[in-house]
Amino acid sequence: MKHSITNKLNMNKWLTFFVLFSALLISCTGKKKAGSAVSGDAAQKVYVAPGKYDELYLFNSGGFSGQVSAYGLPSGRLLKVIPVFSQNPENGYGYTEETKPMLMTSHGFIPWDDSHHPQLSRVGGNNDGRWLFINANNTPRIARLNLSTFTTEEIIELPNSGGNHSSPFCTENTEYVVGGTRFSVPIEGNLDVPINSYKQTFKGTLSFVKVEKEKGTMNLAFQLLVPGVNYDLARAGKGVSHGWVFFSCYNSEKANTLLEVNASQKDKDFVMAVNWKKAEEYIAQGKGKKTKAKYAHNVYSHSTHSATSTMLEDVLMLDVKELKDICYFIPCPKSPHGCDVNPSGEYIVASGKLAAVIPVFSFKKIQDAIAAKAFEGEFDGVPVIKYEAALEGEVEKPGLGPLHTEFDDKGFAYTSMFVSSEIVKWEVATRKIIDRVPTYYSIGHLCVPGGDNKNPYGKYVIALDKITKDRYLPTGPELTQSAQLYDITGEKMKLLLDFPTIGEPHYAQAIPAELVTKNQVKAYKLEENKHPYLTKMESEAKVVRNGNDVHVYMTMIRSHFTPDNIEGVKVGDVVYFHITNLEQDWDVPHGFAVKGANVSELLIMPGETQTIKWEPKEVGIFPFYCTDFCSALHQEMQGYLRISPAGSKTPLTFGTNVAVVEKK
Ligand code: K7E
Ligand code: CUA
């Protein structure tokens, strides 16, 4: 009987798919190729003269690279890849002893994840330029990056989650960042259940991570236990809707196999409106339940230049079936993906991937419907508000495959259309379509700078495209993904620029540069370095043997290491190079690489200490050198390490330009 599911499909469903996929094929095979459909002044609008700064930063998700990349706009110049959820050979993140704990989880060390949604911190509903949050989609986590150093400072794991996709969206003043589980899974009691017991045993959770005001430190304040559907995306309310978060949900069919068919049966899925202030009230009344959960909290300190990983044991859980008035469902056509809130906070726009309209819900109408109990029933104990009661209106015939919506500063909305490969501009007040432009091709998210703020910056929309086909020089079977920059200052959108991106650019956020540049750290202060293996000056450099462990306290400054000659290390030893960069100037990192090291190299910032562990396996002389071209004599920045046979009596000696010192 189980095999008959696909046969039961009605013909209409297949037709719908057929039409959608043919549209996709047309868009991807380049039939509507634009050539270079740019207007005359496009070059001028994106040209940033050599030596000049860009106007905006664009923080782009690295998709399956697990990282974040920072670009300048309007030039599209790549400035930096910031390592977050994956090891990074460029600077040793996730390889060095200091940064390995950042990638610890309840499942052990995880060297690679998938990241989707960068989210800038905000105050009063507008970006403040302090932090950037991003989700790990696979092993559920949220990271916080500090934009004064462009480094990942903190990662918190989310337990009871099957995949952290609707994440990390942040409330008006960064009170919380939220994460909803994409996959529902059994989370309580016996987890060893048949997969087809989904409808009885699978549950969802929504996590609320509290962000401390000054330092940004995250902690998992509470989780909501919610019906077992797929929570896809979210946005926090703001202005009138401050105190609420809205999640899009699909698979209200609760299918556990062939979701492309079985989760597309119903005409409508849901948006879930969540009143987090109400949840806080229940917590204050002691209504939450502490439940067991294992999850890692990893924090990097710029004072010790080291990360620590702590395993936490429980989480406060609120069951929304029992604690009423936290959650409400709103029906939403059809397999909703994006869920976006306009600048005033009054309108919630949900885009159904298979829907023919874009519904715009009114926060006021939702509140009135709740007060009047205008419900069409309950879904798993959660009231379902009548569609018409919550609806402000629909955007009609927007295009095929609406995904995500962002807003400008003039009352317009921009929705990405994945299947018809275009951006559609419409007016929020009237829901009338104003303009549409093709994207090349298969746009996912889009980004208007500040487009989810109370006061968007506007000026541009950036399309984040999944497929590029004929747009760039080919690079084998895998072609680049791409971002496209459009001018939105006039009534018509105008394509200005294409530029390739690193990994799949799911989502990106842009911010005026000065909000970030004003906080830049140029070097870590040596006198504030609290690393346990700090070497503050060359005269303190040393090599210390402790059984088979050899600790090298080394310094680097233009253009030498101290010590640069080391003898007395033997096969079977474990060598730790703890290296301090003594420079105190901006932009003077030094690198360190030793022949045969199978961990990584190091790239050490001014004032910083980092460590690599090396286990020499052969007898011989092993050169080490600086990998970052730091001065005219960079090529002279080198040294030698002598490895003697196991058990040899070679004395431990070290030094730079001195008769080597013998260690007694
Ligand atoms: Cu639309 Cu993961 Cu936000 Cu990609 S998601 S597109
Ligand atoms: Cu230091 Cu090159």
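Note that the structure is predicted; figures quoted are calculated from it, not measured. Just follow the structure's listing: the first ligand is 1, and inside any ligand the first atom is 1.
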Notebook entry, point to check: Which one of V341, I348, V349 satisfies the side-chain contact (heavy atoms from CB on, under 4.5 Å) criterion with T405?
Noted result: V349

Item checked: Y553 (side chain) donor-acceptor with Y533 (main chain) under 3.5 angstrom -> no

Next item on the list: Indicate yes or no: does R558 engage E583 in a salt bridge with an N to O separation below 4.0 Å.
Entry: yes

Notebook entry, point to check: Heavy-atom distance under 4.5 Å between the side chains of I502 and Q67, does that happen here?
Noted result: no

Item checked: Test item: T96 side-chain N/O and T611 main-chain N/O as donor-acceptor pair under 3.5 Å -> no

Note to self: Strictly below 4.0 Å, N to O, side chains only: are D452 and R122 in salt-bridge contact?
What the structure shows: yes

Check: Under 3.5 Å, side chain of H117 to main-chain N/O of H165, donor-acceptor pair present?
Finding: yes

Note to self: Donor-acceptor pair, distance only, cut-off 3.5 Å: does the side chain of Q638 make one with the backbone of P623?
What the structure shows: no

Next item on the list: Using the six-membered ring of Y250, assess whether NZ or CZ of K353 lies under 6.0 Å from its centre and within 45 degrees of the ring axis.
Entry: yes

Next item on the list: Please determine which of E608, H305, K536, E98 meets the side chain to side chain donor-acceptor pair (under 3.5 Å) test together with H531.
Entry: E98

Check: In the protein, which heavy atom is nearest to atom 6 (S) of ligand 1, and how far is it?
Finding: K466 NZ, 3.3 Å

Next item on the list: Within a distance under 4.0 Å of any heavy atom of H117, pick out the atoms of ligand 1 and give their elements.
Entry: 2 (Cu), 3 (Cu), 5 (S)

Notebook entry, point to check: Around atom 1 (Cu) of ligand 1, what protein N, O or S atoms are found below 2.8 Å?
Noted result: H337 NE2, H404 NE2

Notebook entry, point to check: What are the protein N/O/S atoms, named by residue and atom, that sit under 2.8 Å from atom 2 (Cu) of ligand 2?
Noted result: C626 SG, D628 O, C630 SG, H634 ND1

